[in-house]
Amino acid sequence: MSSYDTALSADPEVAGLIHQELHRQQSTLQLIASENFTSPAVLAASGSVLTNKYAEGYPGKRYYGGNSIIDEVEDLARDRATALFGADHANVQPHAGANANLAVYQALLEPGATVLAMRLDHGGHLTHGSPASITSKVWRFVAYGVTAARDDPERPGEVIDFDQVADLAKREQPALIVAGSTAYARTIDPHPFREIADSVGALFMFDAAHPAGLIAGGAHPSPVGVADVVTMTTHKTLRGPRGGAILCGADLAKKIDSAVFPGLQGGPLEHIIAAKAVAFAEAARPEFRHYAADVVRNAAALGTALAAEGFRLVSGGTDNHMVLIDLRTFDAELTGKEAQEVLDRAGITLNRNTIPDDPRSAFVTSGLRLGTAAETTAGMGPAEMQVIAGLIGRTLRTRSDEASVAAVRSEVAALCAGFSPYRDLLS
Ligand SMILES: *Cc1c(COP(=O)(O)O)cnc(C)c1O
């Protein structure tokens, strides 16, 4: 028994569920683009006694006593974040990426101000002005999208339409322009956004929730120093604990900090902040540069292999950790919803996703989103990506045959057995 299990044996019900989830994570393929496997050190810090401490405020300016060590923890996390990304200031308290975005809007915008951000059905995030999100109730969001798909392999389209961004910026005079996406497989160059923002006197926020780890690892261009503010999650490609962070220049530091606390949150999660510090240090190591490059290389291999199975790649390919596929070229009848469900039964975990101008609803969809960040952490490479694409194709072609789906599930388990990120945690 590991020490992990010993502590949890006090609650067999919860222990049992954690054990089952550990087994699921290690015996099925984790291809959700926003997920990863943290290191055991990140897990340990997240499960530490730092969870006991109340620390409203910031290092040196706390509302409760007993925070001298906590101050060191948070200072370490902030220093490591600013060093890793080359930023003036970091706020490591946002509980999640959504909170980081809300805090920036609250810091920089008056209620009712206009914000230009990516269309949700083209890959924007809920916090970029979804009707279901509080963001659209407090601020006025105007959306830009991607260009139309083209039949030209040299210029396949479905890339950010910068002419539209510029036209909308001119017409709507936004106070803030937001770049960043939750389902976009291409590099997002911050420079054209900066130029457009400057041309209309808007501020520029780069939401790096997905590519933060690729940026830290040098596989993607950094928006730090180009955008006024950069928000991120720490749990996607950055491979840290579930959480958020904000980077900005010294000029905006005070505004951002007050927007996070007391503007939006109460006491910070110092155990998670310690785990963020661990993750920032891990991402600063040379191995992480190799990891980021491998994630991108694996996504390219997965995309090529999926195209060979008959799926159409949205935008014709990928530059990052994610592949967005259009199922209609594979099977016009197959929806994203059905594909996700049958792949789940085959032990292949991913999510359905709208594709640009999807004729189906956001609940049904015509696409799937896949990511390589987690299985790259587990040690998989291009050869495994080829195998995975074949298993996906086979599962979906034979989806009405449960015996075939079950056979894939066994092959998936055999594949995953060779790539176990938490071998030591299994008793
Ligand atoms: C994931 C994501 C977020 C929000 O992250 P949570 O931690 O789930 O709140 C924000 N913006 C984008 C673009 C994302 O992909």
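When a ligand or atom number is given, it counts from 1 through the structure's own listing order.
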J.: Decide if atom NZ of K61 counts as having more than 12 heavy atoms of other residues, nucleotides or ligands within a radius under 6.0 Å.
T.: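 No - once you tally the heavy atoms of other residues, nucleotides and ligands closer than 6.0 Å, there are 12 at most.
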J.: Ligand 1 and A209, any nitrogen or oxygen pair closer than 3.5 angstrom?
T.: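 Checking ligand 1 against A209, no N or O pair falls under 3.5 Å apart.
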J.: Looking only at the side chains, is there a donor atom on one of R352 and T365 sitting less than 3.5 Å from an acceptor on the other?
T.: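 Looking only at side-chain atoms, T365 and R352 do not form any donor-acceptor pair under 3.5 Å.
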J.: So if I count the atoms of ligand 1 from 1 in the order they appear, which ones are less than 4.0 Å from some heavy atom of H235?
T.: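 Counting atoms of ligand 1 from 1, those under 4.0 Å from H235 are 7 (O).
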J.: If the cut-off is 4.0 Å to any non-hydrogen atom of G97, which atoms of ligand 1 fall inside it?
T.: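 This gives 4 (C), 5 (O), 6 (P), 7 (O), 9 (O) as the contact atoms.
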J.: Where does T231 meet ligand 1, judged by heavy-atom distances below 4.0 Å: at the side chain, the backbone, both, or neither?
T.: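 No part of T231 is near ligand 1 at this cut-off.
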J.: How about E110: does its CD atom have over 12 heavy atoms from other parts shown lying under 6.0 Å from it?
T.: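 No, because the 6.0 Å sphere around CD of E110 holds 12 heavy atoms or fewer from other groups.
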J.: Number the atoms of ligand 1 from 1 as they appear, then name those within less than 4.0 Å of a heavy atom of N101, with their elements.
T.: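 Near N101, the atoms of ligand 1 are 10 (C), 11 (N).
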J.: Show the atoms of ligand 1 that are less than 4.0 angstrom away from any heavy atom in H210.
T.: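 Under 4.0 Å from H210, ligand 1 has these atoms: 15 (O).
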J.: Looking only at heavy atoms of K236, does any of them come nearer than 4.0 Å to an atom of ligand 1?
T.: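 A heavy atom of K236 does come that close to ligand 1.
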J.: Checking a contact table here: which protein heavy atom is nearest atom 11 (N) of ligand 1, and how many Å away?
T.: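 Answer, as residue, atom name and distance: D207 OD2, 2.6 Å.
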J.: H125 and N101: side-chain donor and acceptor closer than 3.5 Å?
T.: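 Side chains of H125 and N101: no pair found under 3.5 Å.
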J.: Would you say the side chains of N320 and H210 form a donor-acceptor pair under 3.5 Å?
T.: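 Their side chains do not contain a donor-acceptor pair, so the 3.5 Å distance test is not met.
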J.: Does an N or O from T233, backbone or side chain, lie closer than 3.5 Å to an N or O of ligand 1?
T.: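 The answer is no, given that T233 and ligand 1 share no N or O pair closer than 3.5 Å.
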J.: Can you check whether a protein heavy atom sits less than 4.0 angstrom from atom 8 (O) of ligand 1?
T.: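 No, because not a single protein heavy atom sits under 4.0 Å from atom 8 (O) of ligand 1.
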J.: Hey, does S34 sit under 4.0 Å from ligand 1 if you only count heavy atoms?
T.: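 Distance cut 4.0 Å: S34 fails for ligand 1.
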J.: With a 3.5 Å distance limit and no angle check, can you tell me whether S258 reaches the backbone of K254 through a side-chain donor-acceptor pair?
T.: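 Judged by distance alone, yes, a pair lies under 3.5 Å.
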J.: Just heavy atoms, cut-off under 4.0 Å: does T182 contact ligand 1 by side chain, backbone, both, or neither?
T.: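 The part of T182 near ligand 1 is both the backbone and the side chain.
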J.: Is the shortest N/O to N/O distance between A98 and ligand 1 below 3.5 Å?
T.: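 Min N/O separation from ligand 1 is below 3.5 Å for A98.
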J.: Give me the residue, atom name and distance of the protein heavy atom closest to atom 3 (C) of ligand 1.
T.: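 Answer for atom 3 (C) of ligand 1: H125 NE2, 3.3 Å.
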J.: Checking R119 against F141: charged group under 6.0 Å from the ring centre and within 45 degrees of the axis?
T.: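 Output no; distance or angle outside limits.
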J.: Return the CE to CG distance between M380 and L31, rounded to the nearest 0.5 Å.
T.: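 Here the interatomic distance stands at 8.0 Å.
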J.: Do T377 and E375 get their side chains close enough for a donor-acceptor pair, meaning under 3.5 Å?
T.: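 Per modelled atom types, T377 and E375 side chains form no pair under 3.5 Å.
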